[in-house]
Amino acid sequence: MLNGTSAEHAGIYDVPEAARYLKASAQGDRAYPVSSSKLIRWLRNGLASPGFAGLPGRGLLIGFEDLVSLRIVAALLASGVTWREIRRTEEWLRAQTGMERPFATEYLWTGQGQVFVEWSERLTSGSRQGQIALGLLENFLLPVHGLLFSEETGAAFCWEPRISVLLNPMVQFGSPCIKGTRIPTRTISGMIESGDAPHWVADAYGISIEEVEAAHEWETHLRAA
């Protein structure tokens, strides 16, 4: 165990790093102002993973599923969901799934201040403890995250915080890379910052100019976070 996180996950992040990733990511056109101190409070209160409750904040490390779970919390807050609704949803999902980190295993939607999940092939309000949603409501819901889920484990194994940028705990130790490659976004952005032309960088790595620009934009957001 690493501060409540299983060492089997290749992606391990410190709290300041996790806060930057979350702050640089948006839910639709909105982002939630995440800070290291907020993440520590969330974790120490047992949000996202009960194993962190009561642990000291100094030197705290989290795994990929913890990062994804915190991403879901930040995205829900950015969408206007209250803490009460988030807590109720997480508690209900933990009870139903038996999973410690259900926000990293279930595809979620939000709308009308509630959190919804597909349960028993029906759209269900997790924040209303399993209340079945009206069918017409599906047209007005916003998906919470850009995650890819493993068919084998059911857990999220990749997160796309922005278009063409992917975090995969099995690639480059979970650092942000250009989607479909092992090229870290910081490498591409560093070359642009050094004065290399985008088309030269694209040719050198066999990627598109759009991917170069996406990597540089992501790293720019990270530096500002």
*Asks:* Are there more than 12 heavy atoms of other residues, nucleotides or ligands under 6.0 Å from atom NZ of K179?
*Replies:* no
*Asks:* If every non-hydrogen atom of D66 is compared with every non-hydrogen atom of G63, which pair is closest and at what distance?
*Replies:* OD2-N, 2.9 Å
*Asks:* Before you tell me yes or no, could you show the steps for I183 and I207 under side chain to side chain contact (heavy atoms under 4.5 Å, CB included), namely the whole-Å CA-CA distance, both residues' side-chain angles and the distance that decides it to 0.1 Å?
*Replies:* CA-CA 10 Å; I183 306 169; I207 56 179; 4.0 Å; yes
*Asks:* Heavy-atom distance under 4.5 Å between the side chains of I72 and I86, does that happen here?
*Replies:* no
*Asks:* Should the pair Y21 and Y13 be assigned to parallel (<30°), tilted (30 to 60°) or perpendicular (>60°) ring geometry?
*Replies:* perpendicular
*Asks:* Tell me the closest heavy-atom pair linking L67 and A18, and the distance in Å.
*Replies:* CD1-CB, 3.8 Å
*Asks:* Look up atom OG in S35 and atom OH in Y32, then write down how far apart they are to the nearest 0.5 Å.
*Replies:* 8.5 Å
*Asks:* Testing the basics here: between V81 and G113, what is the closest heavy-atom pair and its distance to 0.1 Å?
*Replies:* CG1-O, 3.9 Å
*Asks:* Report the distance from atom CG of L77 to atom NZ of K38, rounding to the nearest 0.5 Å.
*Replies:* 8.5 Å
*Asks:* Side chains of Y107 and L147: closer than 4.5 Å at any heavy-atom pair?
*Replies:* no
*Asks:* Which donor-acceptor pairs under 3.5 Å do side chains of residues 218-225 form with protein atoms, sequence neighbours excluded?
*Replies:*
from: E219; atom 1: OE2; to: T185; atom 2: OG1; distance (Å): 2.5
from: E219; atom 1: OE2; to: R186; atom 2: N; distance (Å): 3.3
from: T220; atom 1: OG1; to: H216; atom 2: O; distance (Å): 2.8
from: T220; atom 1: OG1; to: R223; atom 2: NH2; distance (Å): 3.4
from: R223; atom 1: NH2; to: E193; atom 2: OE2; distance (Å): 3.2

*Asks:* Measure across W109 and E118 and return the closest heavy-atom pair with its distance rounded to 0.1 Å.
*Replies:* CZ3-N, 3.8 Å
*Asks:* To the nearest 0.5 Å, how far apart are OG in S69 and CG in L47?
*Replies:* 8.5 Å
*Asks:* Strictly distance-based, threshold 3.5 Å: is any side-chain N or O of N168 a donor or acceptor partner for the main-chain N or O of M170?
*Replies:* yes
*Asks:* Does F149 belong to the same Ile/Leu/Val/Met/Phe/Trp/Tyr cluster as M99, with side-chain heavy atoms less than 4.5 Å apart forming each link?
*Replies:* no
*Asks:* For V165 versus P176, what's the shortest heavy-atom pair and its separation?
*Replies:* CG1-CB, 4.1 Å
*Asks:* About how many Å separate OG of S127 and CG of L76, when rounded to the nearest 0.5 Å?
*Replies:* 9.0 Å
*Asks:* How far apart are the C-alpha atoms of R71 and S25, what are their side-chain angles, what is the distance that settles it, and do they pass the side chain to side chain contact (heavy atoms under 4.5 Å, CB included) test?
*Replies:* CA-CA 8 Å; R71 154 61 181 165; S25 307; 3.9 Å; yes
*Asks:* Answer yes or no: is there a donor N or O on one side and an acceptor on the other, between the side chain of S150 and the main chain of E152, under 3.5 Å?
*Replies:* yes
*Asks:* Let me confirm one number: the CZ-CG distance from F103 to L108, rounded to the nearest 0.5 Å.
*Replies:* 6.5 Å
*Asks:* Does anything in residues 78-91 form a salt bridge (charged side-chain N to carboxylate O under 4.0 Å, His left out)? List the pairs, not counting sequence neighbours.
*Replies:* E85-R128, E90-R94
*Asks:* Within the supplied structure, the quantity of interest is the number of heavy atoms (other residues, nucleotides, ligands) at a distance under 6.0 Å from I163 CD1; does it exceed 12?
*Replies:* no
*Asks:* For the CD1 atom of I209 and the CD atom of E213, what is their distance to the nearest 0.5 Å?
*Replies:* 6.5 Å
*Asks:* Between Y205 and I178, does a side chain to side chain contact (heavy atoms under 4.5 Å, CB included) hold up when you go through it step by step?
*Replies:* CA-CA 11 Å; Y205 281 93; I178 294 176; over 6 Å; no
*Asks:* For V171 and C177, which heavy atoms make the closest approach, and how far apart are they?
*Replies:* CG1-SG, 4.1 Å
*Asks:* Given side-chain hydrogen bond (donor to acceptor under 3.5 Å, both in side chains), test E211 with S164 step by step and report yes or no.
*Replies:* CA-CA 6 Å; E211 289 171 322; S164 297; 5.1 Å; no
*Asks:* Check the pair F52 / L60 against side chain to side chain contact (heavy atoms under 4.5 Å, CB included), numbers first and verdict last.
*Replies:* CA-CA 9 Å; F52 288 102; L60 193 65; 3.8 Å; yes
*Asks:* Report the C-alpha distance between W159 and F157 in whole Å, list the side-chain angles of each, state the deciding distance to 0.1 Å, and finish with yes or no for ring-ring contact (aromatic ring centres under 6.0 Å, His included).
*Replies:* CA-CA 7 Å; W159 171 33; F157 69 93; over 10 Å; no
*Asks:* Okay, side chain of S175, backbone of F173: is any donor-acceptor separation there less than 3.5 Å?
*Replies:* no
